[in-house]
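Because only heavy atoms are used, hydrogens play no part in the values below, and waters and symmetry mates are left out as well, while side chains stay in.
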Amino acid sequence: MLRAKNIWVAGGDPRQAALAGLLADDGHSVHTYALEQAEGTKCEPSMAGADRADCVVLPLPAAGPDGTLNAPLSVRVHELSEVLDALRPGQLVCAGMAGAGLKGMVEERGLVLRDYFAREELAVLNAIPTAEGAIQIAMEEMPITLHDARVMVIGFGRLGRALAPRLRALGARVWVSARRYEQRAAAECMGLGSEGMDHLSDWLCSYDLVFNTVPVQVLGVEELASLKEGALVIDLASRPGGVDLDAAAALGVRVVWALSLPGKVAPVTSGRYIKDTVYHIMEELNL
């Protein structure tokens, strides 16, 4: 664990509120801003004093759809410039999913930006609450048990590797669809079935439940039309997703697009993962 630091947490959802509490529990001097509606959080009225921080942590994603600070737990809208202008050149800013706009603003001000969402350790750990949340959704939405259900997991990256074995442990009959031969071999080593991705529409008709983890469209009109009646599709891919939602609606296919599950199903655990990743970044910079 790092020696005591001065850390600011600005904006965000329950993950960032949990992060602030966990940092304080570790003995750091923690200041929060734009989190005033988070339970048990005492926020600073402004960013005054943030220029003395060892690190400023922005949300995941850092910016909302309109380009302002992503701050759903704040009572007002905050511009990103409002936060960044309070900092000094050379100061460390850790942000999640830092887009081109934020990167440009940081560069203009001479700040040091690190995207914690781009870190492999966070991506691997985030797969755990995502997998658990996906299973929760399936149990709530399906009229049958996962036990003995025929389930397809499209994609066998970090999330697919976390999800498929958990489904199998619940008694589901699980197949994995992956492009690379080594991924399919890894699935078979886990006792899972495997298929390629070139001809999805030829064999999707036999599954009760389909999870997609691939963030490009893999379930279009042809694939969706081939699903068995009553099948459920849960899309776990980040934007733009992997399912043609308009085609699904026209065909009457049930689709749940489950975005940002870690923050929804396990914000404290997700906050801990972000905390550990920020620690790694600070250690690498010798802060």
Side-chain angles (χ1 to χ4, degrees), residues 97 117-139 141-142 146-220 222-224 226-228 231-245 248 253-262 264-266 269-270 273 277:
M97 297 179 67
F117 188 68
R119 302 274 300 200
E120 180 67 14
E121 68 267 38
L122 182 60
V124 170
L125 290 170
N126 265 342
I128 299 170
T130 301
E132 291 188 4
I135 290 170
Q136 177 184 341
I137 292 170
M139 289 179 166
E141 294 290 334
M142 292 178 65
L146 283 173
H147 180 83
D148 207 38
R150 291 176 61 87
V151 181
M152 168 57 67
V153 177
I154 301 175
F156 204 57
R158 307 177 196 95
L159 178 51
R161 291 194 297 269
L163 176 59
R166 285 168 168 80
L167 291 164
R168 185 172 184 268
L170 290 169
R173 291 181 284 171
V174 183
W175 280 259
V176 167
S177 175
R179 295 190 187 280
R180 302 207 306 266
Y181 294 119
E182 64 268 27
Q183 291 177 317
R184 283 142 63 179
E188 291 169 12
C189 286
M190 297 179 184
L192 309 168
S194 73
E195 296 283 0
M197 291 184 64
D198 293 335
H199 304 287
L200 278 173
S201 60
D202 291 344
W203 37 264
L204 279 174
C205 60
S206 63
Y207 295 99
D208 304 298
L209 173 62
V210 177
F211 290 97
N212 175 58
T213 70
V214 180
V216 296
Q217 187 173 297
V218 292
L219 295 176
E222 185 178 358
E223 291 79 17
L224 292 166
S226 69
L227 290 168
K228 69 185 291 186
L232 174 66
V233 176
I234 300 178
D235 192 0
L236 302 171
S238 55
R239 298 184 189 279
V243 181
D244 185 334
L245 297 178
V253 176
R254 291 190 302 149
V255 178
V256 177
W257 191 8
L259 291 169
S260 303
L261 281 181
K264 295 174 181 176
V265 303
T269 299
S270 299
Y273 294 160
T277 304

Any chance you could measure [X], atom [atom1], to [Y], atom [atom2], to the nearest 0.5 Å?
{"X": "I234", "Y": "Q136", "atom1": "CD1", "atom2": "CD", "answer": "10.5 Å"}
{"X": "T130", "Y": "L261", "atom1": "OG1", "atom2": "CG", "answer": "5.5 Å"}
{"X": "N212", "Y": "M152", "atom1": "CG", "atom2": "CE", "answer": "11.5 Å"}
{"X": "F211", "Y": "I135", "atom1": "CZ", "atom2": "CD1", "answer": "6.5 Å"}
{"X": "E195", "Y": "D202", "atom1": "CD", "atom2": "CG", "answer": "10.0 Å"}
{"X": "L232", "Y": "L227", "atom1": "CG", "atom2": "CG", "answer": "10.0 Å"}

Quiz item: Considering residues, nucleotides and ligands other than E121, do more than 12 of their heavy atoms fall under 6.0 Å from its CD?
Solution: yes
At their closest point, which heavy atom of [X] faces which heavy atom of [Y], and how far apart are they?
{"X": "A162", "Y": "R166", "result": "O-NH1, 2.8 Å"}
{"X": "A258", "Y": "L236", "result": "CB-CD2, 4.0 Å"}
{"X": "L163", "Y": "A134", "result": "CD1-CB, 4.4 Å"}
{"X": "V255", "Y": "A248", "result": "CG2-CB, 3.6 Å"}
{"X": "L146", "Y": "A138", "result": "CD2-CB, 4.3 Å"}
{"X": "V153", "Y": "G160", "result": "CG1-CA, 4.1 Å"}

Quick one: does [X]'s side chain have a donor or acceptor within less than 3.5 Å of a partner on [Y]'s backbone?
{"X": "R173", "Y": "R150", "answer": "no"}
{"X": "R158", "Y": "A127", "answer": "no"}
{"X": "R168", "Y": "G191", "answer": "yes"}
{"X": "T213", "Y": "A237", "answer": "no"}

Quiz item: So which of V243, I154, L204, L209 actually passes side-chain contact (heavy atoms from CB on, under 4.5 Å) with V233?
Solution: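 So, applying the side-chain contact (heavy atoms from CB on, under 4.5 Å) to V233 and each of V243, I154, L204, L209, only V243 qualifies.
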Quick one, [X] and [Y] - any side-chain contact, counting heavy atoms below 4.5 Å?
{"X": "Y273", "Y": "P262", "value": "no"}
{"X": "L170", "Y": "M139", "value": "yes"}
{"X": "W257", "Y": "R239", "value": "yes"}
{"X": "V218", "Y": "E223", "value": "no"}
{"X": "D235", "Y": "L219", "value": "no"}

Exercise. Could I get the full list of side chain to side chain donor-acceptor pair (under 3.5 Å) partners for E141, not counting sequence neighbours?
Key: none
Quiz item: With sequence neighbours excluded, what pairs up with D208 under the salt bridge (Lys or Arg N to Asp or Glu O under 4.0 Å) test?
Solution: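 Listed in chain order: K228.
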Quiz item: In this structure, which one of Q183, R184, E188 forms a side chain to side chain donor-acceptor pair (under 3.5 Å) with S194?
Solution: E188
Exercise. Go through the steps to decide whether W203 and S177 satisfy the test side chain to side chain contact (heavy atoms under 4.5 Å, CB included), and finish with yes or no.
Key: CA-CA 11 Å; W203 37 264; S177 175; 3.8 Å; yes
